[in-house]
Amino acid sequence: MNYWLAKSEPVTYSWKQLVKDGKTAWTGVRNYQARNHLRAMKVGDRMLFYHSNEGRNAVGIAKVVKAAYPDPTAKEGDWCCVDFVPVKPLTKPVGLAMIKTDELLQEMVLVKNSRLSVQPVTEKQFNRVLELAGTRI
DNA sequence: GCCAACGTTGGC
DNA sequence: GCCAACGTTGGC
């Protein structure tokens with residue numbers, strides 16, 4: 001299984017909205033690196049849902065339910081999206097400040113390239129975030 | 001609100 | 001193919 005992190009401004013699309021929707025098509029990605037990560041996703045992969053700008057914290061765990069397919073919102077270009085569903089919220093959201101000071105999370109892409117909207121996360125990092133969040137799947 | 005970092009575009 | 005200019009993102 002692979003682990004990922006998807007970022008969204010809560011103003012645009014929040015965890016709360018995801019829970020309400022029950023499922024979402026992660027459309028609108030227009031960055032090649034992020035797109036390639038979407039393409040590498042498999043059904044069942046786990047994902048951290050992160051709020052950028054407002055909150056700046058990982059707030060929930062999601063699960064990929066449909067692998068990459070053409071993004072219906074893309075009028076031109078070779079873009080794709082995946083579908084995912086919320087699994088559960090983090091008991092204690094893990095803030096960026098905490099991630100930056102945690103020894104085991106220094107190497108997270110979130111720390112090194114904060115602008116990438118879809119990022120790979122290692123199993124160790126994923127488990128560490130869950131540990132800090134006081135949450136088990 | 002500011003600005004650094006990054007990606008993209010276009011002139012040469 | 002290089003690089004300056006520009007737009008966007010997101011932390012602070």
Side-chain angles (χ1 to χ4, degrees):
Chain A
M1 183 190 301
N2 290 310
Y3 300 88
W4 310 94
L5 181 146
K7 228 171 24 179
S8 178
E9 293 189 48
V11 172
T12 309
Y13 193 85
S14 64
W15 169 258
K16 196 177 162 190
Q17 187 65 42
L18 174 61
V19 171
K20 193 178 166 190
D21 292 347
K23 177 180 165 181
T24 193
W26 206 239
T27 57
V29 170
R30 298 292 182 269
N31 171 284
Y32 293 110
Q33 252 183 298
R35 183 201 65 186
N36 293 342
H37 292 318
L38 287 177
R39 290 217 170 118
M41 289 183 188
K42 294 194 172 67
V43 172
D45 281 358
R46 295 268 161 76
M47 189 181 289
L48 290 169
F49 195 86
Y50 176 85
H51 279 166
S52 63
N53 263 319
E54 282 175 55
R56 277 170 238 143
N57 49 14
V59 288
I61 303 157
K63 185 174 72 174
V64 177
V65 293
K66 186 173 179 184
Y69 60 97
D71 182 344
T73 69
K75 296 210 166 57
E76 58 178 29
D78 184 21
W79 303 108
C80 63
C81 60
V82 300
D83 289 356
F84 58 82
V85 297
V87 175
K88 64 156 60 173
L90 298 183
T91 310
K92 290 178 290 179
V94 180
L96 180 64
M98 186 179 284
I99 289 171
K100 282 189 164 175
T101 53
D102 190 88
E103 215 169 309
L104 298 177
L105 299 177
Q106 294 300 300
E107 297 299 310
M108 279 187 78
V109 180
L110 194 64
V111 176
K112 300 178 131 186
N113 181 5
S114 62
R115 291 191 47 186
L116 188 58
S117 61
V118 181
Q119 325 177 346
V121 173
T122 67
E123 187 176 5
K124 276 187 183 176
Q125 290 164 350
F126 186 85
N127 288 332
R128 177 61 177 161
V129 170
L130 261 57
E131 190 183 345
L132 291 173
T135 305
R136 285 167 186 254
I137 293 182

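Throughout, protein chains are lettered first and strands after them, A, B, ... in sequence-line order, and every chain is numbered starting at 1.
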[X] [atom1] to [N] [atom2], straight-line distance once rounded to whole Å:
X: Trp79(A); N: dG7(B); atom1: CH2; atom2: C1'; result: 10 Å
X: His51(A); N: dG11(C); atom1: NE2; atom2: C1'; result: 16 Å
X: Asn36(A); N: dG7(B); atom1: CG; atom2: C1'; result: 14 Å
X: Gln119(A); N: dC6(B); atom1: CD; atom2: P; result: 13 Å
X: Asn31(A); N: dG10(C); atom1: CG; atom2: P; result: 10 Å
X: Lys7(A); N: dC6(B); atom1: NZ; atom2: C1'; result: 11 Å
X: Arg30(A); N: dT8(C); atom1: CZ; atom2: C1'; result: 15 Å
X: Tyr32(A); N: dT9(B); atom1: OH; atom2: C1'; result: 12 Å

On DNA chain B, check which nucleotide each of Gln33(A) and Asn53(A) is closest to and give me the residue with the more 5' one.
Asn53(A)
Is the shortest side-chain N/O distance from [X] to OP1 or OP2 of [N] below 4.0 Å?
X: Lys100(A); N: dC12(C); answer: yes
X: Arg56(A); N: dG11(C); answer: yes
X: Tyr50(A); N: dT9(C); answer: no

Please give me the minimum heavy-atom distance between Gly28(A) and Thr73(A), naming the atom from each residue.
N-OG1, 3.8 Å
Reckon Leu96(A) touches a base, only the sugar-phosphate, or nothing at all at heavy-atom distances under 4.0 Å?
sugar-phosphate
Does Thr24(A) offer a backbone N or O that forms a donor-acceptor pair with the side chain of Asp21(A) under 3.5 Å?
no
Is any side-chain heavy atom of Lys63(A) less than 4.5 Å from a side-chain heavy atom of Ile61(A)?
no
Are Arg30(A) and Asp71(A) within salt-bridge range, i.e. N to O under 4.0 Å?
yes
